[in-house]
Asker: 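This is the structure, below, for whatever I ask next.
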Amino acid sequence: MSKGITSRETDYSQWYNELVVKADLAEHSAVRGCMVIKPYGYAIWEKMQAALDKMFKDTGHSNAYFPLFIPKSFFSKEASHVEGFATECAVVTHYRLKNDGNGQIVVDEAAKLEEELIVRPTSETIIWNTYRGWIESYRDLPILVNQWANVVRWEMRTRLFLRTAEFLWQEGHTAHATEEEAVAEANKMLEVYADFAENWMALPVVRGRKSENERFAGALDTLCIEALMQDGKALQAGTSHFLGQNFAKAFDVKFTSKEGKLDYVWATSWGVSTRLLGALIMAHSDDQGLVLPPQLAPIQVVIVPIYKQDAEKQAIGDLADRVMTELKAKGVSVKYDDRDTQRPGFKFAEWELKGVPVRIAIGARDMENGTVELARRDTQHKETVAQSGLADRVERLLADMQRDIYAKALAFRDSHTVEVDSYDEFKAVLDGPGGFVSAHWDGTVETEQLIKEETKATIRCIPLNNKQEAGVCIRTGKPSAQRVLFAKAY
RNA sequence: CGGGAUGUAGCGCAGCCCGGUAGCGCGCUUCGUUCGGGACGAAGAGGCCGCAGGUUCGAAUCCUGUCAUCCCGACCA
């Protein structure tokens, strides 16, 4: 492992790439655009999954699994959906290979599929085709199903976690008897995502609604949570769609209501992906490496012994054992790093790089004084504290850190969210500090497109519960009823 | 898919212009000394120079083709 990583100031993008690789989260694979998520990175994803999965179950959802492959014909059934995904689909055309006689393995042209299969970029079509068989009556509703899966979107340019050709995610697909219920579901799940982002990821998010231009292909309404990264660019962290009856109509999913009327089913879908790892990394980390909020850190506390002779190591180990037992009893995950192949300074740097929230160093001096050195990753603050009551102290520290990391990110976002009333100001902010820019917009797709072409900024969202305020569009001068949030985005 | 660049040891690179059979740093292995912020010394291991042709007595180096990757755009969770 080479020393240090590129600083954020030098090159934010390179900082991110190096951090992901050097912190052992993921690496590029032999397949273009596809990453290998390494054990440490996957451990964070597992913690995210566990927390989200519980939240989904607590809100009444169940997990199921649908096929990786989708018949091509399914895609053309919902017009705007196919348009949204057609240009980035991996297509399976054959089902067999053969030896060409020259020692080469080639596709067996004789084994061409009758109908091509699409590797799912998202599962609305296969799921709604399935739901047709599950739903006849209002008694069959609602269906509240979630799927943990991988999907493939053949992106032109990829970046580890932020945009990969294959990624892991969850997709919830619900079916309802009424529009109101579906709308409420979409809102409820957006709130679940916001709750998760804020309380687990320590990531403040804006809850909002996408403009028509940014709406999911096939949705009537797309709700989202938007987060701000340290370079002033926004990142969409999760979406929740109200799909209306679009997919029910496309796949002929009808039900008989209590009143005996036949009607199409109302739908939602919602998802978050491994992209959340990208958000987590970019929101909190520093030039020393990863900074993980305690709630999602695979290792919350690392204990590093500092010793010269075996006798010292033995005594320190005994103390470490006692501390670990106490911490584990409190549900804190601890690692005792007693490798004698690395020196303490190396270990300090390594665990900082990997973002372990709390480090306890114990040396001969501490053994004499009845102390340990306690260091927190987020502020890099170190202090010498008494061994007695250590576990309680660490438990409090972890809770404090979770709050502090959130507060720091919130303060950053607040200081990078500005209202502007002219196009010049708008451009000045985007070219300068970046961040969220709250500005009036005339509400048309054309103007949004124009602003995007001229500034690379897009409407990230129209915040929910946005205050209504008369004004004029910064670009066209036409009347506007409210401000919307613009930003350059990932 | 347009523009630019790069493929040489596990990683990062030099060598190429001016052809003579490959080198540096980190990492790795062994031994010793070290160990409170990325240790030091000594001795080792590791490369058909992306791939395929061509020119030449001789190619990492020159020529042609090809594949791949990265960066900047357009597209996107």
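Here is the naming used below: chain letters follow the sequence lines, and residue numbers restart at 1 for every chain.
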Asker: Roughly, in whole Å, what's the span from NZ in A/K22 to P in B/G27?
Answerer: 12 Å
Asker: P atom, B/U8 versus B/G50: distance in rounded Å?
Answerer: 6 Å
Asker: Parallel, tilted or perpendicular for A/F196 and A/W200, by the 30°/60° rule?
Answerer: parallel
Asker: Nearest of B/C71, B/G38, B/G36 to any side-chain atom of A/D366?
Answerer: B/G36
Asker: If I pick the P atom on B/C24 and the same atom on B/G2, what distance separates them, to the nearest angstrom?
Answerer: 42 Å
Asker: In whole Å, measure the gap between the C1' atoms of B/C70 and B/U29 for me.
Answerer: 33 Å
Asker: Taking atom types as they are modelled, is there a donor-acceptor pair under 3.5 Å from the base of B/G37 to the side chain of A/R359?
Answerer: yes
Asker: Whole Å only: how far is the CG atom of A/D310 from the P atom of B/C35?
Answerer: 14 Å
Asker: Distance check needed: B/C71 C1' versus A/W15 CH2, whole Å only.
Answerer: 20 Å
Asker: Figure out the NZ/P separation between A/K308 and B/U33, and round it to whole Å.
Answerer: 15 Å
Asker: Give the nucleotide from the list B/C35, B/C71, B/C70 with an atom nearest to the side chain of A/R343.
Answerer: B/C35
Asker: Taking the P atom in each of B/G12 and B/G20, what is the distance between them to the nearest angstrom?
Answerer: 26 Å
Asker: Write down the distance between NZ (A/K347) and P (B/A39), rounded to a whole number of angstrom.
Answerer: 12 Å
Asker: Let me know the distance between CD of A/E88 and P of B/C75, rounded to the nearest Å.
Answerer: 12 Å
Asker: Spell out yes or no: do the side chain of A/K382 and the base of B/G37 have one donor N/O and one acceptor N/O closer than 3.5 Å?
Answerer: yes
Asker: Only one of A/K233, A/R207, A/R209, A/R460 passes salt bridge (Lys or Arg N to Asp or Glu O under 4.0 Å) with A/E226; say which it is.
Answerer: A/R460
Asker: Taking only the side-chain nitrogens and oxygens of A/R365, find out if one of them lies under 4.0 Å from OP1 or OP2 of B/G36.
Answerer: no
Asker: Which whole-number value in Å describes the distance from A/L374 CG to B/G37 C1'?
Answerer: 16 Å
Asker: Between B/A22 and B/G58, how far is it from one C1' atom to the other, in whole Å?
Answerer: 16 Å
Asker: Under 4.0 Å between a side-chain nitrogen and a carboxylate oxygen: does that hold for A/R376 and A/D378?
Answerer: yes
Asker: Can you tell me how far C1' of B/G10 sits from NZ of A/K38, to the nearest Å?
Answerer: 12 Å
Asker: Considering only side-chain heavy atoms of A/K452, which listed nucleotide, B/G36, B/C75, B/G37, is closest?
Answerer: B/C75
Asker: Please determine whether a side-chain nitrogen or oxygen atom of A/K456 lies at a distance below 4.0 Å from atom OP1 or OP2 of B/A74.
Answerer: no
Asker: Mapping A/Q380 and A/R460 onto RNA chain B by nearest heavy atom, which one lands closer to the 5' end?
Answerer: A/Q380
Asker: Does A/E350 get its side chain close enough to the base of B/G38, under 3.5 Å, for a donor-acceptor pair?
Answerer: no
Asker: Side chains of A/I37 and A/L25: closer than 4.5 Å at any heavy-atom pair?
Answerer: no
Asker: Can you check the distance between B/C17 and B/A60, where both ends of the measurement are the C1' atom (answer in whole Å)?
Answerer: 14 Å
Asker: Between A/G345 and A/A489, which has a closest nucleotide on RNA chain B that is more 5'?
Answerer: A/G345
